[in-house]
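To start, the structure under review is shown below, and the notes come after it.
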There are 2 protein chains.
Amino acid sequence: MSKIDKTAIVRAAEEVVRERGARKLTLDAVAAKCGLSKGGLLHHFSSKQVLLKAMVEKAIERELQIAAEFTDDRPGAGQGELQPRIDALFVMMEDEKSLPRALLAAVAEDPSLLEPIRAKEAKIRREACGASKDPELAQILLFAARGLFLGRVLGVMDPEDPVFERMRKRLLALAAEVE
Amino acid sequence: MSKIDKTAIVRAAEEVVRERGARKLTLDAVAAKCGLSKGGLLHHFSSKQVLLKAMVEKAIERELQIAAEFTDDRPGAGQGELQPRIDALFVMMEDEKSLPRALLAAVAEDPSLLEPIRAKEAKIRREACGASKDPELAQILLFAARGLFLGRVLGVMDPEDPVFERMRKRLLALAAEVE
DNA sequence: GCTAACATACCGTCCAGTCGGTCGGTTTCG
DNA sequence: CGAAACCGACCGACTGGACGGTATGTTAGC
């Protein structure tokens, strides 16, 4: 039985980013956080890049999964993809882990790590807006949600701001209209 | 007469970020870029933090100025602040210098440097949306513009994507309706 | 006893910031 | 006037710490 698995290490890395900032995400810090030596850490992730990549991938997976759950919860709404995507973004915001932190760390270290996110964004935009009767407006709603999301992730907005809840309701309402 | 002034150094720093990424923004690189030794550079900016702060401040100033110009160009529209703000954001996107780069560098180095940006964002939202007959929708438009802006700055969107131009037109049209 | 899962010690590099010093100009004062 | 004292701009060698990565064990389970 292994005491530590890779997902625990990724979680520890997210913790470090949350507590000390993306720039302070060092191998030593991650190792300390999950009670491992640096050598032990590098045994699981052969380099820092590999660890970052795993963080990004886990985060993407998580976002897709959240969206899927929202889709399942509204069986009547057919193939409307817009609302679940917006819902998912708002959930990810609350969730002080995962994608936000991974994204920050990736940008700070090596922008090329964002490639998978880029692909995901393009795909979502195509699927969620293509079916709408007003694709442009649908995209605006999506971009607005992302604007809120990134604003919070980057720390340029107060997480307690009540505007988040108001925006969430309004965006979802508009999304319903436009599908 | 001094050969080099601070604004030239800040410009050089923006160049470095553009060419080599936020992570490679080192004092040596900036010094080399503006034909100065590191010692000489540190004579003007006593630390890297101080330089970053100057970058952020210059960028904010620039954005406000762009918005002000757009306001002046539409003397008939009264106090409608929303359109100039959106316009300014789109101009800043094109402009491969200034705020985008400063923002990236600041986030990578020390999130607390974003405080002035935070203040600016809050102020803009208050002013631009307060006067609208539908403040919530006005905020949505602003957030959408910022979503596009940040998406591009962070490199999760293709700068050539025609969606930028479409969004710009549509956002401005909606902004006009909502004022 | 062989392999996976660690630990320890160490190396090389990068980089912010320091420090002593140079050089041209300006002010002070005899 | 002219020299001494001073000053701001700038240089470049250096330092010390941080950090990614390696090399070499050591231990535990099969």
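All chains are named by letter (A, B, ...) in the order of the sequence lines, taking the proteins before the strands, and each is independently numbered beginning at 1. In this text the structure is predicted, and so the values were computed from the model without any measurement.
- As rounded to whole Å, 12 Å separates atom C1' of C:dA5 from atom NZ of A:Lys6.
- For the pair B:Leu82 and B:Ser132, the minimum side-chain heavy-atom distance is 4.5 Å or more.
- Dashed line: the shortest gap from a side-chain N or O of A:His44 to OP1 or OP2 of C:dA4 is not under 4.0 Å.
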Quiz item: Does the salt bridge (Lys or Arg N to Asp or Glu O under 4.0 Å) test come out yes or no for A:Lys33 and A:Glu19, once each step is laid out?
Solution: CA-CA 11 Å; A:Lys33 172 65 70 180; A:Glu19 291 171 4; 2.9 Å; yes
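- For the pairing with A:Lys48, the side chain to side chain contact (heavy atoms under 4.5 Å, CB included) check across A:Thr26, A:Leu27, A:Val30 returns one residue only, A:Leu27.
- With sequence neighbours excluded, the residues that form a side chain to side chain contact (heavy atoms under 4.5 Å, CB included) with A:Glu136 are A:Asp134, B:Arg166, B:Met167, B:Arg170.
- A:Leu113 has its side chain within reach of A:Gln49: a pair of non-hydrogen atoms, C-beta onward, lies under 4.5 Å apart.
- Salt-bridge check for B:Glu14 with B:Arg18: failed, with every basic side-chain N at 4.0 Å or more from each acidic carboxylate O.
- Dashed line: the shortest gap from a side-chain N or O of A:His43 to OP1 or OP2 of C:dA5 is under 4.0 Å.
- Rounded to whole angstrom, the span from the CZ atom of A:Phe45 across to the P atom of C:dC6 amounts to 12 Å.
- The separation between A:Leu41 atom CG and C:dA4 atom C1' is 16 Å, rounded to whole Å.
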Polar atom pairs (N or O), protein with nucleotides 16-18 of chain C, under 3.5 Å:
from, atom 1, to, atom 2, distance (Å)
C:dA16, OP1, B:Lys48, NZ, 2.9
C:dA16, OP2, B:Leu27, N, 2.9
C:dA16, N7, B:Lys38, NZ, 2.8
C:dG17, OP2, B:Lys48, N, 2.9
C:dG17, O6, B:Lys38, NZ, 3.1

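- Of the two residues near DNA chain D, B:Gly40 and A:Arg20, the one whose nearest nucleotide lies more 5' is B:Gly40.
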